[in-house]
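Side chains included, hydrogens not; waters and symmetry mates left out as well; all remaining heavy atoms used. Note that ligands are numbered from 1 as they come in the structure, with each ligand's atoms numbered from 1 the same way.
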Amino acid sequence: MKPQAICSAFERHYGITPAGVWSAPGRFNLVGEHTDYNGGFCLPVPLDRRTFVAARRRSDDRVRLTSLEIAGDADVDLREVTAAVPGGWGSYAAGTVWAFRQAGHRVSGVDILVGSDLLIGAGLSSSAALECSVAAAVSDLFDLDLLSDDAHRAELATICQTAENVIALAPTGGVDQTSALRGRQGHALLIDFLDGTLRPVPYRPHAAGVEVLIIDTGTRHSLASGHFGNRHAECDRIAGLLGVDCLRRIGVDDLSAAMQALPDAILARRLRHVVTENARAVAMADALEQGDWHAVGEGMTRAHESMRDDLEVSVPEIDLAVDTALAAGAWGARLVGGGFGGCVLAVVLREGVPAVTDAVRAAFAQAGYGRPHSFTARAGDPARRDA
Ligand code: GLA
């Protein structure tokens, strides 16, 4: 998608020139799922697919929204934005403008046109890409200068997460917004959600002759739909039962005693996912640093087993794609994102890519599932102004 095309589409729709075009990337999380809201570790990479917004500030409080991909234009007064208004995808965009005001910034209305080459609801962080592209635009349009350095970008990430939690009603953590705004080109980012530190780790699959494939199973989720919130609520309940402020306080050495202290096996499994996932994220950052892609792949497969069996957020299409990719020679594969559908990440030797994609396609045809679609996960730039 070209910024110029977004600009022209804005002009056609609103009959006026936008003040600029901004964009933010999706992300693929190498490991560390459902750990962010538990004060844990995540290891995302900004994706080279992005969401763009052309925008122009208004002197009144109206927020007008339109998208090239999704129906449901919105026209809402900023003072009337709530969890119910405007609803749909507009809540992510209008909610972001609203959250600037909540954070004490003097902003008024905006006209926005959105265009994206990201899959929506597929575990690649389309929601955060929308919030963060709007946030980048609002920051510049109102001369807030919040894209200028990492500390200000951290503030933008908080604003975007507030929009998602309070207006879009998705009780997510901050990995997606942190990756989109504070990620580094060519790097994965080991994020520690307990102390807020970031460790950029070079992401160089090509140097090792491997590709990271994204296999879109065609299944979709909504993080505001309840399943995601259930997992979050279970984790909060476990923390309460164990008397800790977040599950990060439980280390691998404390795990079996903590599991035994819980009243049921489901909660014990949820805890085991979070604790082992944190350990995997730290170990995988080290493996990535050393270019040990066998270890990265191995960690991804273990992470998938944990999401499937302990956290129970996988679906049959995802499991079939993972199992088939592994049987066809992938070094590792797993569900990416919040779960309940979406995409699989697989580490594959470059020359083995056709065998893996063909095998997954054949397995899906045999199971009567829709045709899966695969592409290479390439690292992209964090949120920026494009034009
Ligand atoms: C979604 C949420 C994130 C995170 C992941 C799971 O992407 O937006 O905050 O919880 O799921 O790791």
Side-chain angles (χ1 to χ4, degrees), residues 24-47 49 51 89 91-92 95-96 118-132 135 157-183 188-194 196 214 219-236 246-248 270 273-278 280-281 284 299-300 303-304 306-308 310-315 318 334-345:
R27 59 100 191 91
F28 51 104
N29 198 13
L30 291 173
V31 75
E33 302 291 13
H34 292 256
T35 45
D36 55 355
Y37 58 79
N38 287 305
F41 290 99
C42 304
L43 190 63
V45 184
L47 184 61
R49 297 186 174 207
T51 293
W89 71 268
S91 288
Y92 295 88
T96 301
L118 264 173
L119 301 166
I120 294 165
L124 300 176
S125 186
S126 53
S127 309
L130 174 57
E131 294 148 15
C132 297
T158 303
I159 286 172
C160 293
Q161 194 189 338
T162 302
E164 178 139 4
N165 295 163
V166 179
I167 301 299
L169 292 185
T172 54
V175 61
D176 305 338
Q177 295 82 3
T178 303
S179 175
L181 285 156
R182 305 174 68 195
L189 203 59
L190 181 70
I191 309 169
D192 181 338
F193 279 95
L194 193 60
I214 294 178
T219 52
R220 292 293 179 262
H221 68 197
S222 159
L223 296 179
S225 71
H227 292 302
F228 184 91
N230 286 345
R231 295 301 179 277
H232 191 152
E234 284 171 338
C235 290
D236 287 350
C246 67
L247 296 189
R248 168 69 178 285
R270 304 294 190 252
H273 168 76
V274 174
V275 173
T276 58
E277 187 82 346
N278 281 331
R280 278 187 290 272
M284 257 169 74
M300 280 173 42
H304 183 70
S306 182
M307 287 182 87
R308 181 191 63 202
D310 282 353
L311 198 61
E312 297 177 279
V313 296
S314 192
V315 295
I318 293 274
R334 73 172 198 85
L335 161 62
V336 64
F340 309 103
C343 294
V344 162
L345 275 186

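- Below 3.5 Å of separation, one finds no N or O of Gly337 facing any N or O of ligand 1.
- If you number the atoms of ligand 1 from 1 as listed, the ones under 4.0 Å from a heavy atom of His34 come out as 6 (C), 12 (O).
- Residue-ligand proximity: Arg27 is placed with a non-hydrogen atom under 4.0 Å from ligand 1.
- Each of the atoms 9 (O) of ligand 1 lies under 4.0 Å from some heavy atom of Gly173.
- Below 4.0 Å from some heavy atom of Asp36 lie the following atoms of ligand 1, by number and element: 3 (C), 4 (C), 9 (O), 10 (O).
- Counting only heavy atoms from C-beta outward, the side chains of Ile191 and Asp36 never approach each other to under 4.5 Å.
- Looking from atom 5 (C) of ligand 1 to the surrounding protein, the closest heavy atom is Glu33 OE1, 3.9 Å.
- Protein heavy atom closest to atom 8 (O) of ligand 1, with residue, atom name and distance, is Asp176 OD2, 2.6 Å.
- Between Thr35 and ligand 1, no pair of N/O atoms sits closer than 3.5 Å.
- Between Tyr37 and His232, the two ring planes are parallel [angle under 30°; tilted spans 30° to 60°].
- Interatomic distance, Arg27 CZ to Cys132 SG, rounded to the nearest 0.5 Å: 11.5 Å.
- Atom-to-atom distance recorded for Arg49:CZ and Leu119:CG is 6.0 Å, nearest 0.5 angstrom.
- Aromatic ring orientation, His227 versus Phe340: parallel (interplanar angle below 30°, classes split at 30° and 60°).
- For ligand 1, the atoms lying closer than 4.0 Å to a non-hydrogen atom of Val175 are 3 (C), 4 (C), 9 (O).
- Within the model, atoms CD of Glu312 and CZ of Arg231 stand 6.5 Å from one another, a figure rounded to the nearest 0.5 Å.
- Rounded to the nearest 0.5 angstrom, Cys42 SG and Asn278 CG are separated by 8.0 Å.
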